[in-house]
Amino acid sequence: MASHFIADIIENDLATGKHPTIRTRFPPEPNGYLHIGHAKSICMNFGLAAKYGGTCNLRFDDTNPTKEEEEYVASIREDVRWLGFDWEEREYYASDYFEQLYLWAEQLIEAGKAYVDDLSVEEIREHRGPWNAPGRESPYRNRTVAENLDLFRRMRAGEFPDGSRVLRAKIDMAAGNVNLRDPVMYRILHATHHRTGDAWCIYPMYDWAHGQSDSIEKITHSICTLEFEDHRPLYDWFVRELGIWPPRQIEFARLNLTHTVMSKRKLLRLVEEKVVAGWDDPRLPTIAGLRRRGYPPAAIRDFAERIGVTKQEGTVELALLEHCVREELNRVAARRMAVLRPLRLTIVDWPEGEFEELAAINNPEDETAGTRPVRFGRDLWIERDDFLEEPPKKYFRLAPGREVRLRWGYVVKCVEVVKDAAGEVVEVRCTHDPATKGGGTPDGRRVQGTIHWVAAADAVDAEVRLYNPLFAAADPDDVPDGVDWITLVDPGSLEILAGCKVEPALATAAPGDRIQFERTGYFTADLADHTPERPVFNRTVTLRDSWAKEQKKAG
RNA sequence: UGGGGCGUCGCCAAGUGGUAAGGCACGAGACUUUGGAUCUCGCAUUCGGAGGUUCGAAUCCUCCCGCCCCAACCA
């Protein structure tokens, strides 16, 4: 694991003996699905614990019953596990600490450090004051300890309606850091909690719950994102006033990625308005989406490693993530041939009904992957893109009178082009060179082009889903005035191809299998819809395409 | 406007007073039965700007500029 400023802090704490061992935690709120930004945090927290021989807890920060659901808890568990991390028996919930938190609140009240406030939300906001001027104290700020205790207990007992009162810490209404202007600790919420049910009608605020939860778990390094930097003085204040184990909060910059959105609010909207098919839509940066897209967890871990950990807010280019995915897949994915947009090719000098079995290498990067048999015959399917009646310069695929190698098969020469009434090419007719079986050229002749194909007799029809970035623009958060960001979703982000012709070996793929379609890209058998009877493949990422680049240059 | 952070190549990111790592992207070439992979080479005389300290500064000091976060009974 790469070194970075947080690792430096940990190494120093270990070296000076401040901590004999470290404890970290990943603390998601179960109010949505995890995304690649969370993956960065997961990899760091679990990675750091592993690197330094410590432990990392999974803790659900479930202090807001109105937004949290069991479905999200389940998805988070699944995603963290899928990423390759194990929290063993250390699965905790902030809601497990509600009673302790309540007791601590009474302790603060007794110490004169907290009070029940009857001001409304608006009044509290108004009393908090603007940034550049001190706030005003609430008229309820100086209630007696006895009165506060009585009121707080009755709040818990359910005597008051939602929003009628809150418990506040008594700190400093003039503080430059607004978080210290008597922050709210508890609000009244008659809502059913996904785990505690109706046991409570007062719920702790994040600030009041988070640090103490860390403390209870004896977290040594509490890592969070930059926006909580302002909360650290409050985090420390609570821990100090309570006299409990002091974790150290350290902030780092959250991950931003080009061509996608990462905010929970926006992801939720994409899902709710059905702009995408669900939380696991392969176009989403959610872990579930990336999984369904075919991204290997190892690639995501590698990516998390490469982007580093700093306090600089930046936006990582999608290209780096895709690079990590290709690098991993290149190593492990089996190669298969699949024709996405089929064009008929007939070997006119090949006898009808006769076939020859050829050996195709499964993975040139992995000798142990071996070979598989593919049948060659008179009637084949090739890619429409691999034939051009009028080939441009540097195009070395099939064209009238030209030779091309059929991968693992023979070198063939185009002798005739068949068109339909509309003038569209519907079939290419070729002769084959019997001396080139397997693709070699015994006479030493150079055949630049090699194209993939599938024998018509063996071809299995498949649906192939081509994915592109959800947004064509690098920064979809940068929207012109008056434009709803959601209208920037690229309608071309999903293209569904039916009737693709794939090798029979592909129909037997299991959902989740990752395969390279030679010359096209990496694909995965869809987790939800793929069956042997009706194969469905998702494009994970394209292969690098220097021909496309060449064309772009040519204009 | 008060508080808190951050500014090193197109994008990430090392660097912590000794003379600008690395990755991605990009460009050129080699090799190639995937226009894939692989390999080689190129890619910041300069670190937001201006001064200053020093034999020596991205690193120290001063001033300035820019960007981000904070005024939920969200997290």
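It should be emphasised that the depicted structure is a prediction, and the values quoted were computed from it without experimental measurement. Chain letters run A, B, ... following the sequence lines, proteins first and then strands; every chain starts at 1.
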Of A/G440 and A/V309, the one whose closest RNA chain B nucleotide lies more 5':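 On the 5' side of the pair lies A/V309.
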### Which residue lies more 5' along RNA chain B, comparing A/N31 with A/P364 via nearest heavy atoms
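Looking at RNA chain B, the more 5' nearest nucleotide goes with A/P364.
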Please report, rounded to the nearest Å, how far the [atom2] atom of [N] is from the [atom1] atom of [X].
| X | N | atom1 | atom2 | value |
| --- | --- | --- | --- | --- |
| A/Q249 | B/G5 | CD | C1' | 13 Å |
| A/Q448 | B/U34 | CD | P | 10 Å |
| A/E367 | B/U38 | CD | P | 17 Å |
| A/D475 | B/C12 | CG | P | 12 Å |
| A/F396 | B/G35 | CZ | C1' | 5 Å |
| A/Y33 | B/A75 | OH | C1' | 19 Å |
| A/Q312 | B/C11 | CD | P | 12 Å |
| A/R372 | B/U34 | CZ | C1' | 12 Å |

Answer with base, sugar-phosphate or nothing: what part of the nucleic acid does [X] contact at a heavy-atom distance below 4.0 Å?
| X | value |
| --- | --- |
| A/R335 | base |
| A/E29 | sugar-phosphate |
| A/E229 | sugar-phosphate |

Go ahead and name the base partner of [N]; Watson-Crick or wobble counts if both distances stay under 3.5 Å, otherwise write none.
| N | result |
| --- | --- |
| B/C11 | B/G23 |
| B/C47 | none |
| B/C67 | B/G5 |
| B/C60 | B/G52 |

Whole-Å [atom1] distance, [N] and [M]:
| N | M | atom1 | value |
| --- | --- | --- | --- |
| B/G23 | B/C65 | P | 38 Å |
| B/G4 | B/C63 | P | 16 Å |
| B/A13 | B/G27 | C1' | 22 Å |
| B/C12 | B/C55 | P | 38 Å |
| B/G52 | B/C43 | C1' | 34 Å |
| B/G2 | B/G10 | C1' | 36 Å |
| B/U59 | B/U16 | C1' | 6 Å |
| B/U34 | B/C24 | C1' | 23 Å |

ring-ring contact (aromatic ring centres under 6.0 Å, His included) involving [X] - partner list, sequence neighbours excluded:
| X | value |
| --- | --- |
| A/F517 | A/F523, A/F537 |
| A/F252 | none |
| A/H38 | A/H35 |
| A/Y115 | none |

Q.
Any side-chain N or O of A/T315 below 4.0 angstrom from OP1/OP2 of B/C12?
A.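 Answer is no, no contact under 4.0 Å.
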Phosphate-side-chain proximity, A/T310 and B/C6, N/O vs OP1/OP2 below 4.0 Å: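 For B/C6, neither OP1 nor OP2 has a side-chain N or O of A/T310 closer than 4.0 Å.
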List in chain and number order the residues that pass side-chain hydrogen bond (donor to acceptor under 3.5 Å, both in side chains) with A/E367, two or more places apart in sequence or in another chain; answer none if no residue qualifies.
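Listed in chain order: nothing, the list is empty.
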Practice problem: With sequence neighbours left out, write down each residue that passes side-chain hydrogen bond (donor to acceptor under 3.5 Å, both in side chains) with A/N179, or none if nothing qualifies. | Solution: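 A/N179: no side-chain hydrogen bond (donor to acceptor under 3.5 Å, both in side chains) contacts found.
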Is the closest side-chain donor-acceptor distance between [X] and [Y] under 3.5 Å?
| X | Y | result |
| --- | --- | --- |
| A/Y97 | A/E217 | yes |
| A/D214 | A/Y235 | yes |
| A/D443 | A/T441 | no |
| A/H194 | A/E70 | yes |

Tell me, which pairs form a salt bridge (Lys or Arg N to Asp or Glu O under 4.0 Å) where one or both residues lie in residues 2-12 of chain A, sequence neighbours left out?
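Output for this query is empty, none listed.
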message: More than 12 heavy atoms of other residues, nucleotides or ligands under 6.0 Å from NZ of A/K413: yes or no?
response: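 For A/K413, atom NZ is not crowded (no more than 12 foreign heavy atoms under 6.0 Å).
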> Using the rule for Phe, Tyr, His and the six-membered ring of Trp, do A/W547 and B/G35 stack at under 5.5 Å and under 30°?
Replying inline: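 Stacking is present between B/G35 and A/W547, given that their ring centres fall under 5.5 Å apart and the planes under 30°.
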Protein heavy-atom contacts under 4.0 Å, written 5' to 3' over nucleotides 22-29 of chain B as B (base), S (sugar-phosphate only) or - (none), form the string -SSSSSS-
Per-nucleotide protein contact along nucleotides 66-73 of chain B, 5' to 3', at a 4.0 Å heavy-atom cut-off (B base, S sugar-phosphate only, - neither), is --BBBBSB
Original post:
Is a donor-acceptor pair below 3.5 Å formed from side chain A/Q516 to base B/U34, judging by atom type as modelled?
Top reply: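 Present.
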For this session: Kindly label the base of B/A37 as syn or anti, based on whether its glycosidic torsion lies within 90° of 0.
Result: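 Here B/A37 takes the anti form, which means its glycosidic angle is more than 90° from 0.
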